[in-house]
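This report concerns only the one structure given below.
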Amino acid sequence: MYNYRVVTQVERKKKAMTGLLKGIMIFFCVVFILEGIVLNRGFMLPGFLLAVLYFVYDIFGQKSYEYTLDNNELTIDVIYGKRYRKTAHVLNLKDLETVAPNWHEVVAKYRKNGGTEHLRKYDYTSYEDDIPYYTMIITEGKQKIKLLLDLNEEMLQIMKKQYPERVFFA
C-alpha cells in the first residue's frame, strides 16, 4: 500500500478558574513561608508543601494529545505540562469498527444516555466548542473501547481510503 505518517497535536482547553487557583496557591505559599521566617519555623513546612503541590498541579493540569497515524497504526500520546509524554494507546486500524461524528447514527448505540452498548470511554479532545470531535470504536487487545478524538481532515481522508465502509464524515 502507501507509506504515510500524519501527526496531529491537540491542546486541551484550560478549565475555568485555573488561573485563580494557581494565584491562591502562590499567595498562601508566600504567606506561610514569611510566617515561618518571622513567627515560627513550623509554618515553613506547609509553605514548601504548597509550593510542591503548585508544581505538581502545573504539570498535570496542562494536557495535550498527539495522534500519530503511521501506515496502519494509530498511536495516541498524552503530554503533561508540555514536558512529560506517556503513550496511552497503540491501535491497529485493522481492528477498527467505526469512526464517525459524535452525533452520527452509526455510533448512537454507544452513547452514554440512550445507547444499548456501554464501552470504556477515553476522551482525547480539546473541549473547544467550534472543533467537531469524532467517536472511534475499536478493539484494543481483546476489549472494545470508545475513543473521542479531534481528528483532522487529512487523517480522516487516509482512514476513508483504507476503510471506506467504516469511516463517516461530519
Roughly how far, to the nearest 0.5 Å, is CZ of F32 from CZ of F27? 10.0 Å
How about L119 and I145: do any of their side-chain heavy atoms sit closer than 4.5 Å? no
Within-4.5 Å side-chain heavy-atom neighbours: Y134 and L156: yes
Okay, side chain of R12, backbone of G61: is any donor-acceptor separation there less than 3.5 Å? no
Value rounded to 0.5 Å, distance of CD in Q9 from CG in N152: 12.0 Å
Decide yes or no for V52 and F48: does some side-chain heavy atom of the first lie under 4.5 Å from some side-chain heavy atom of the second? no
Check step by step if side-chain contact (heavy atoms from CB on, under 4.5 Å) holds for E66 and V7. CA-CA 7 Å; E66 185 177 274; V7 179; 3.7 Å; yes
Paired with Q157, the side chain to side chain donor-acceptor pair (under 3.5 Å) test is passed by just one of E153, K160, E154, namely E153
Heavy atoms, side chains only, cut-off 4.5 Å: are I137 and K146 in contact? yes
For R166, is there any backbone N or O sitting under 3.5 Å from a side-chain donor or acceptor partner on T98? yes
Single-linkage hydrophobic cluster I24~Y54, side-chain heavy atoms < 4.5 angstrom: yes
Could you tell me whether the side chains of D123 and T125 share a donor-acceptor contact shorter than 3.5 Å? yes
Co-membership, hydrophobic cluster, residues I33 and I26, 4.5 Å side-chain: no
Can you tell if the side chain of L74 reaches within under 4.5 Å of the side chain of L93, non-hydrogen atoms only? yes
Q162 to N71 - nearest heavy-atom pair and separation: NE2-O, 3.8 Å
Please check if M155 and Y133 belong to a single hydrophobic cluster, counting links between Ile, Leu, Val, Met, Phe, Trp and Tyr side chain heavy atoms closer than 4.5 Å. no
Stepwise side-chain contact (heavy atoms from CB on, under 4.5 Å) check, Y84 with I59: CA-CA 8 Å; Y84 305 105; I59 289 170; 3.6 Å; yes
Shortest non-hydrogen contact between K14 and Q62, atoms and distance: NZ-NE2, 4.2 Å
Nearest-0.5 Å distance that lies between atom CZ in R5 and atom CG in L69: 10.0 Å
Residues, nucleotides or ligands: over 12 heavy atoms within 6.0 Å of K22 NZ: yes
When hydrophobic residues are tied together by side-chain contacts of less than 4.5 Å, even through go-betweens, does L21 share a cluster with L50? yes
To the nearest 0.5 angstrom, please state how far the NZ atom of K144 sits from the CD1 atom of I138. 11.5 Å
Output for pair (T135 OG1, F168 CZ), nearest 0.5 Å, gives 12.5 Å
What I want to find out is whether E128 reaches K13 closely enough, with some N-O distance under 4.0 Å, to be called a salt bridge. no
Are the side chains of N102 and L148 in touch, meaning some heavy atoms are under 4.5 Å apart? no
Which heavy atom of E11 sits nearest a heavy atom of K82, and at what distance? OE2-CE, 3.9 Å
Indicate the atoms forming the closest heavy-atom contact of G47 with C29, along with that distance. O-SG, 3.2 Å
Among L49, I37, L34, which residue meets the side chain to side chain contact (heavy atoms under 4.5 Å, CB included) test with M44? I37
Minimal non-hydrogen separation, R111 against W103, with atom names: NH2-O, 2.8 Å
Does Y124 have any side-chain contact (heavy atoms from CB on, under 4.5 Å) partners at least two apart in sequence or in another chain, and if so, which? Y65, Y67, I76, V78, A88, H89, Y122, L147, L149
Does one hydrophobic cluster hold both M17 and L53, with members joined at side-chain heavy-atom distances below 4.5 Å? yes
Heavy atoms, side chains only, cut-off 4.5 Å: are M136 and M159 in contact? yes
State, yes or no, whether a side-chain contact exists between E97 and T139 at a heavy-atom distance under 4.5 Å. no
Any idea which heavy atoms bring V10 and S126 closest together, and the distance? CG1-CB, 3.6 Å
